[in-house]
Amino acid sequence: QVQLVESGGGLVQAGGSLRLSCAPTGRTISRNVMAWFRQAPGKEREFVSAIWWSARITAYKESVKGRFTISRDNAASTVYLQMNNLKPEDTAVYYCAAGITYSESVKTYDYWGQGTQVTVSS
């Protein structure tokens, strides 16, 4: 069974950086789009960023533009989310997801990771 596994979360001070990684285990999945979502306590899961495997097209939530960068390593089937200038409001569990098409809706993605906690202290 295919699973997505995230890593790289942790505790960081405001203004700091973290890099999240996501890779499938079990077998290679055939999905066009990889995305990152996040969910803060008491809030709905929200879109953060997405990247297409076949083309270097990316998308970002407005509030992370200029601070977060999504990238991929096709050979390793790994997706990264470089997060710079982190703010306390970035605190959440970050989830990796894979889907056939792109949208900012969680319903679009059919593979999910277990999540990794990112905590930004002020």
Side-chain angles (χ1 to χ4, degrees):
Q1 184 177 355
V2 176
Q3 288 185 317
L4 297 177
V5 179
E6 304 99 334
S7 61
L11 173 63
V12 65
Q13 289 187 334
S17 299
L18 287 172
R19 189 177 82 154
L20 306 183
S21 300
C22 170
T25 63
R27 60 178 173 85
T28 301
I29 59 173
S30 178
R31 291 296 182 267
N32 297 326
V33 181
M34 298 293 293
W36 289 95
F37 285 75
R38 66 187 183 188
Q39 188 167 19
K43 295 187 177 181
E44 293 187 352
R45 194 170 298 188
E46 64 176 7
F47 171 81
V48 176
S49 183
I51 188 167
W52 280 249
W53 283 119
S54 60
R56 294 189 179 275
I57 300 174
T58 58
Y60 295 95
K61 176 181 174 65
E62 190 64 34
S63 63
V64 308
K65 285 182 179 178
R67 300 189 297 121
F68 291 10
T69 303
I70 192 170
S71 61
R72 75 207 193 285
D73 179 340
N74 286 350
S77 297
T78 301
V79 176
Y80 304 97
L81 186 67
Q82 178 67 44
M83 305 185 296
N84 298 329
N85 190 22
L86 282 160
K87 303 177 180 181
E89 51 263 43
D90 295 318
T91 295
V93 177
Y94 283 70
Y95 296 91
C96 176
I100 295 174
T101 62
Y102 163 75
S103 86
E104 297 185 4
S105 170
V106 297
K107 297 179 181 179
T108 300
Y109 301 88
D110 51 357
Y111 288 100
W112 290 86
Q114 80 290 349
T116 185
Q117 177 70 47
V118 171
T119 303
V120 184
S121 62
S122 57

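Counting from 1, the numbers follow the sequence of the chain as shown. This one's a predicted model, so the numbers in the text were calculated from it and none came from an experiment.
With sequence neighbours left out, Arg67 forms a salt bridge (Lys or Arg N to Asp or Glu O under 4.0 Å) with Asp90. Residues passing the salt bridge (Lys or Arg N to Asp or Glu O under 4.0 Å) test with Asp73, sequence neighbours excluded: none.
Side-chain contact, Thr91 with Glu89: no donor N or O sits under 3.5 Å from an acceptor N or O. Side-chain contact of Tyr80 with Arg19: a donor-acceptor pair under 3.5 Å is absent, judged by distance alone.
Looking at every heavy atom in both residues, Tyr60 comes nearest to Ile70 through OH-N, 2.8 Å. Across Leu4 and Cys22, no two heavy atoms sit closer than the pair CB-SG, 4.1 Å.
A centroid separation of 6.0 Å or more is found between the aromatic rings of Trp36 and Phe68. A distance below 6.0 Å separates the ring centres of Phe37 and Tyr109.
The side-chain heavy atoms of Trp53 and Asn74, taken from C-beta on, include a pair separated by under 4.5 Å. The shortest side-chain heavy-atom distance between Tyr102 and Val33 falls under the 4.5 Å cut-off. Put simply, the side chain of Tyr111 reaches to within 4.5 Å of the side chain of Arg31, judged on heavy atoms. Contact check for Val79 versus Ile51: side-chain heavy atoms found under the 4.5 Å cut-off. You'll find the side chain of Leu18 reaches within 4.5 Å of the side chain of Leu86, heavy atoms only. With contacts defined as side-chain heavy-atom distances shorter than 4.5 Å, the pair Val118/Val93 does not qualify.
Side chain of Glu6 to backbone of Gly115: a donor-acceptor contact under 3.5 angstrom is found. Formation of a donor-acceptor pair under 3.5 Å by the Thr78 side chain with backbone atoms of Ala23 is not found in this model. The main-chain N or O of Ser17 is never found under 3.5 Å from a side-chain atom of Asn84 such that the two would form a donor-acceptor pair. The backbone N or O of Glu46 sits nowhere less than 3.5 Å from a side-chain atom of Arg38 that would complete a donor-acceptor pair.
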Begin from the C-alpha positions of Tyr95 and Thr116 and carry the test side chain to side chain contact (heavy atoms under 4.5 Å, CB included) through to its verdict. CA-CA 7 Å; Tyr95 296 91; Thr116 185; over 6 Å; no

Determine, stepwise, if the pair Thr101 / Thr108 fulfils side chain to side chain contact (heavy atoms under 4.5 Å, CB included). CA-CA 7 Å; Thr101 62; Thr108 300; 3.5 Å; yes

Could you go step by step and tell me if Val12 and Thr119 meet the side chain to side chain contact (heavy atoms under 4.5 Å, CB included) rule? CA-CA 6 Å; Val12 65; Thr119 303; over 6 Å; no

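Residue Ser122 holds its OG atom at 13.5 Å from NZ of Lys87, rounded to the nearest 0.5 Å. The NZ atom of Lys61 sits 11.0 Å away from the NZ atom of Lys65 when rounded to the nearest 0.5 Å. The distance from atom SG of Cys96 to atom CD of Gln114, rounded to the nearest 0.5 Å, is 9.5 Å. Interatomic distance, Trp52 CH2 to Asn32 CG, rounded to the nearest 0.5 Å: 10.0 Å. The line from CD of Gln82 to OG of Ser21 is 9.5 Å long, rounded to the nearest 0.5 Å.
Following chains of ILVMFWY side-chain contacts shorter than 4.5 Å, one cannot reach Val5 starting from Met34, and the two form parts of different hydrophobic clusters. Hydrophobic clustering (ILVMFWY, side-chain heavy atoms < 4.5 Å, transitive): Ile57 and Ile100 are in distinct clusters.
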